[in-house]
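Accompanying notes for the structure given below.
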Number of protein chains: 2
Amino acid sequence: MEILKNKDYTLDNEQLARFAKAMGHPARITILQFLASLDCCYFGDIHNELPIAKATVSQHLKELKEAGLIQGEIETPKVKYCINRENWEKAQVYFETFFALKKEKIGCCTAP
Amino acid sequence: MEILKNKDYTLDNEQLARFAKAMGHPARITILQFLASLDCCYFGDIHNELPIAKATVSQHLKELKEAGLIQGEIETPKVKYCINRENWEKAQVYFETFFALKKEKIGCCTAP
DNA sequence: TTTGTAGTTCGCAAAACTACGAACAATATT
DNA sequence: AATATTGTTCGTAGTTTTGCGAACTACAAA
């Protein structure tokens, strides 16, 4: 018998993990926060908010884009970034649902 | 003049990123979900839910513990894990607050 | 005392992440 | 045509993550 460990992760869990991972760096949290409060702005504005080189900022933006949380649009010679509303709300629901799992239960480890 | 780039990340953003990072892997999401719905259980139960070796499970548990999302307690010869309620709720508030930033605004990039 | 059970820790390898400067692309300006 | 502006991409370096098997710890039972 070969490897038959078929217990894969659910797609929902993988999606939630993907969103969480994208948020797993202070620079990316800062970017998202900035965009969420400003609605949208140019690369330079984002770079100004951060203590890192532009190449690194560009990389973080790419990751956020790949996770679907933001979108970019060329407005020569600048690039305008903004929150991807659809996925932002999707992520919000994912996290809400996740945290709602633990509601008013009395557990066996209520202390420390 | 030396390096004076003093624009650090806020503690809140670092904390949120830390929580998000801990949630940034499907195995860890699955563990948290399992614990949240069960309240608490032993290492073996968690290992049974996952398609990975016990050494790897142990590592993921360690990370979740370090992020403060779970806690473990020795109950020889087993180890009982459960959600760390206090920090779970803290994390929940962090995420809620974060996503609430983008409410009903009309932005300049409403479309893809 | 040997054996079992339940997990953790160690050591390793491969891959991914974070960061940077330099080089590049695309357009606008001189 | 040369220069400037705005970002992206490339190449590199160091660190961290993920995963595993093997060795180890701690206690209980035979």
Side-chain angles (χ1 to χ4, degrees), chain A residues 2-5 7-9 13-14 17-32 34-35 40-67 69-82 109, chain B residues 2-5 7-9 13-14 17-32 34-35 40-67 69-82 109:
Chain A
E2 307 306 315
I3 301 157
L4 277 184
K5 205 144 193 192
K7 277 175 294 180
D8 247 353
Y9 304 113
N13 281 1
E14 290 197 334
R18 198 146 40 234
F19 282 140
K21 189 174 183 182
M23 292 173 62
H25 190 289
R28 294 196 291 269
I29 289 290
T30 304
I31 291 169
L32 290 171
F34 188 63
L35 283 178
C40 70
C41 63
Y42 298 115
F43 174 91
D45 305 321
I46 297 171
H47 181 212
N48 271 330
E49 291 295 304
L50 300 170
I52 50 181
K54 61 182 179 168
T56 311
V57 173
S58 204
Q59 268 187 183
H60 283 305
L61 288 168
K62 191 176 169 188
E63 277 178 68
L64 288 172
K65 210 160 36 176
E66 278 167 6
L69 291 171
I70 68 170
Q71 52 199 154
E73 185 183 340
I74 296 172
E75 223 171 69
T76 313
K78 302 187 178 183
V79 178
K80 191 169 73 176
Y81 281 101
C82 59
C109 313
Chain B
E2 306 307 314
I3 301 156
L4 278 182
K5 206 146 194 194
K7 277 174 295 180
D8 248 352
Y9 303 112
N13 280 0
E14 289 195 338
R18 199 145 39 234
F19 282 140
K21 189 174 181 182
M23 292 174 62
H25 191 289
R28 295 196 292 268
I29 288 290
T30 304
I31 291 170
L32 290 171
F34 189 62
L35 283 177
C40 72
C41 64
Y42 298 115
F43 173 91
D45 304 321
I46 297 171
H47 181 211
N48 272 331
E49 290 294 303
L50 301 169
I52 50 183
K54 61 182 180 171
T56 310
V57 173
S58 204
Q59 268 187 183
H60 283 305
L61 288 168
K62 191 176 171 188
E63 278 177 67
L64 289 172
K65 209 159 38 176
E66 278 166 6
L69 290 171
I70 69 171
Q71 51 198 154
E73 186 182 338
I74 297 172
E75 223 170 69
T76 309
K78 304 188 179 183
V79 179
K80 189 169 72 177
Y81 282 102
C82 60
C109 316

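Residue numbering restarts at 1 for every chain, and letters A, B, ... go by the order of the sequence lines.
Listed here is the closest heavy atom pair of B/A22 and B/A67: CB-CB, 3.5 Å. For the pair B/C82 and B/C40, the tightest heavy-atom approach, listed with the atom from each and the gap, is CB-CB, 3.3 Å. When every heavy atom of A/C41 is checked against every heavy atom of A/I46, the shortest pair comes out as SG-CG1, 3.6 Å. For the pair A/K54 and A/F43, the tightest heavy-atom approach, listed with the atom from each and the gap, is O-CZ, 3.5 Å.
The interatomic distance linking B/L64 (CG) with D/dT18 (C1') rounds to 14 Å, in whole Å. One can place CG of A/L61 at 11 Å from P of D/dT9, the figure rounded to the nearest angstrom. Rounded to a whole Å, the CD atom of B/E66 is 13 Å from the C1' atom of C/dT9. For B/R18 and D/dT17, the CZ to P distance is 12 Å, given to the nearest whole Å. Taking atom CD of B/E73 as the reference point, atom P of C/dT8 lies 13 Å away to the nearest angstrom. In this entry the distance linking NZ of A/K62 with P of C/dC20 reads 17 Å, nearest Å. Rounded to whole Å, atom P of C/dC20 lies 7 Å from atom CD1 of A/I52. Counting to the nearest Å, the C1' atom of C/dA26 and the CD atom of A/E75 are 15 Å from each other.
Side-chain N/O atoms of B/H60 include none lying less than 4.0 angstrom from OP1 or OP2 on D/dT17. For the pair B/Y81 and C/dT8, the criterion of a side-chain N or O lying under 4.0 Å from OP1 or OP2 is met.
Under the side chain to side chain contact (heavy atoms under 4.5 Å, CB included) criterion, B/T56 pairs with B/I52, B/A53, B/H60, sequence neighbours left out. The side chain to side chain donor-acceptor pair (under 3.5 Å) check on A/E63 picks up A/R28, with sequence neighbours excluded. B/K65 is linked by a side chain to side chain contact (heavy atoms under 4.5 Å, CB included) to B/I70, B/Y81, counting only residues two or more places apart in sequence or in another chain. Residues satisfying the side chain to side chain contact (heavy atoms under 4.5 Å, CB included) criterion with A/K78, sequence neighbours excluded, are A/Y42.
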Under 3.5 Å, which protein N or O atoms sit close to an N or O of nucleotides 3-6 of chain D? Give each pair with its distance.
{"from": "D/dT6", "atom 1": "O4'", "to": "A/P77", "atom 2": "O", "distance (Å)": "3.3"}
{"from": "D/dT6", "atom 1": "O3'", "to": "A/P77", "atom 2": "O", "distance (Å)": "3.4"}

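Across residues 21-32 of chain A, not one residue has a non-hydrogen atom less than 4.0 Å from an atom of DNA chain D.
Residue-to-nucleotide proximity on DNA chain D shows that, of B/E63 and B/A55, the 5′-proximal contact is made by B/E63.
Within the nucleic acid shown, A/Q59 comes within 4.0 Å of at least one base atom, counting heavy atoms only. Residue contacts shown for B/S58 include a base, since a base heavy atom lies under 4.0 Å away. Nucleic acid contact for A/T56: base, since at least one base atom lies under 4.0 Å from a heavy atom of the residue.
Residues A/Y9 and B/I29 form no side-chain contact, since every pair of their non-hydrogen atoms from C-beta on lies 4.5 Å or further apart.
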